[in-house]
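Labels below follow one simple rule: chain letters A, B, ... track the order of the sequence lines, proteins then strands, and each chain is numbered from 1.
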There are 2 protein chains.
Amino acid sequence: MSDLFPKKGHDHDRCVHSALAQAEKVCDRENARFTDMRRKVFTLIWQSHKAVTAYELLDALTAEGQRVQPPTVYRALEFLTELGLVHRIESLNAYFGCDRPDCEHLGQYFICTDCGRVAEAVNEDMSNAVRKAARSVGFTIQATTVEIKGLCHDCATH
Amino acid sequence: MSDLFPKKGHDHDRCVHSALAQAEKVCDRENARFTDMRRKVFTLIWQSHKAVTAYELLDALTAEGQRVQPPTVYRALEFLTELGLVHRIESLNAYFGCDRPDCEHLGQYFICTDCGRVAEAVNEDMSNAVRKAARSVGFTIQATTVEIKGLCHDCATH
DNA sequence: TCAGAAAATGATATATTATAACATTTCATC
DNA sequence: GATGAAATGTTATAATATATCATTTTCTGA
């Protein structure tokens, strides 16, 4: 069994750091500005293994001493999702950092209803099944939402 | 190519009628009351090929002369979704009638971003891919959300 | 280097979606 | 018909999201 969810004691700071580096690269490539606000929101999202709501981000920014209004957060989220740096989890109205912002993919999300952690998978079997099903009914895919709720291995066994 | 979305000129009243009959059977089996309010909400949902929001239902009920508040609608929706008579489309915050309330299934939803119509598929390839992916990472599925946005065949070709 | 344009953010207000809490009515059962 | 459970009514408010216009920051080209 592969470990989709992070192991205990993994070096999280390093994940965040590397995510930031990737994000910078993507922004560079797209000629998009990775402003302070966008970087802050991105970092806050990556500091959690859970999906984070816009208002949680707002509160976190406020706690950091910023005086921030909802539109500011939503704009940053819009920017980050458009670049694929962050994904929206529709069934949670919340946002989650993307591991692989550098390549096009149909992502799938496993959401543990016990511990709240989220993990992104890029499973080609699932993606292909979706693409094939769409093709078979003459449907042209623009975007997909695949969210799977249940118990992660840790929570199921403990 | 199979036709997932309804053809022009299909007998819609008959669809609604048969959905009502199915719903009654399910409620009967579950010893649940198919009250006037629930029937009204269910019927309104089935009268559309689009997903319908709670407040659209509220407006429709108001237009019918009822004086209805949000909790009433949300309660009916909760009841209907729990029995599987209606599905919630997470990416639209809206509700859609289920064709097959009588059997357990992992449904998938095709949502046309042009005409707004929604179609439910129960594609075993997709379901199996999801189940297999979950198994491979030790994840216990409780619920799945598979929503595919794009252009239906009609809209793509016209 | 600085003027002008474009992009980003600030600020205010409000729209949309959803639920908590308690009162009343309806319904099945005895 | 009395009783309790289920459903609905009613009021208030929470949670999520966006429209609009003002201001600031950044980029670009002369």
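Listed by chain and residue number, A/Glu124 satisfy the salt bridge (charged side-chain N to carboxylate O under 4.0 Å, His left out) test with A/Arg131 (two or more places apart in sequence, or in another chain). Applying the side chain to side chain donor-acceptor pair (under 3.5 Å) criterion to A/Glu30, with sequence neighbours excluded, gives no partner residue. In this structure B/Tyr95 satisfies the ring-ring contact (aromatic ring centres under 6.0 Å, His included) test with no other residue, sequence neighbours excluded. Remark: A/Asp59 engages no residue in a salt bridge (charged side-chain N to carboxylate O under 4.0 Å, His left out) (not counting sequence neighbours). Judged as a ring-ring contact (aromatic ring centres under 6.0 Å, His included), and not counting sequence neighbours, B/His17 has no contacts.
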What does the B/S/- profile of nucleotides 22-30 of chain C look like, 5' to 3', with a 4.0 Å heavy-atom cutoff to protein?
-----S---

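Identified under the ring-ring contact (aromatic ring centres under 6.0 Å, His included) test for residues 125-158 of chain B, with sequence neighbours left out: A/Phe110-B/Phe139.
Side-chain atoms of A/Thr43 come within 3.5 Å of backbone atoms of A/Arg39 as a donor-acceptor pair (strictly under, hydrogens ignored). Side-chain atoms of B/Gln142 never come within 3.5 Å of backbone atoms of A/Lys149 as a donor-acceptor pair (strictly under, hydrogens ignored). For the pair A/Glu120 (side chain) and A/Gly107 (backbone), a donor-acceptor distance under 3.5 Å is absent.
A donor-acceptor pair shorter than 3.5 Å can be found between the side chains of B/Gln108 and B/Ser127. Checked by atom type, the side-chain pair A/Ser91/A/Glu147 shows a donor-acceptor distance below 3.5 Å.
In the 5' to 3' direction, nucleotides of DNA chain D lying under 4.0 Å from heavy atoms of chain B begin and end at D/dA6 to D/dT11.
Rounded to 10 degrees, the angle separating the terminal helix axes of the helix from C/dT1-D/dA30 to C/dC30-D/dG1, each built from five base pairs, is 30°.
A continuous path of hydrophobic side-chain contacts links B/Leu20 to B/Leu61 [ILVMFWY only; heavy atoms under 4.5 Å].
The stretch residues 41-69 of chain A touches DNA chain D through A/Tyr55, each having a heavy atom within less than 4.0 Å of the strand. Within residues 84-96 of chain B, the residues approached by DNA chain C to less than 4.0 Å at the level of any non-hydrogen atom are B/Arg88, B/Asn93, in residue-number order.
Other members of the cluster containing B/Ile89 are B/Leu92, B/Phe96, B/Tyr109, B/Ile111, B/Val118, with ILVMFWY side chains joined at under 4.5 Å, either directly or via other members.
A cation-pi contact, defined as under 6.0 Å to the ring centre and within 45° of the axis, is absent between B/Arg117 and B/Phe5.
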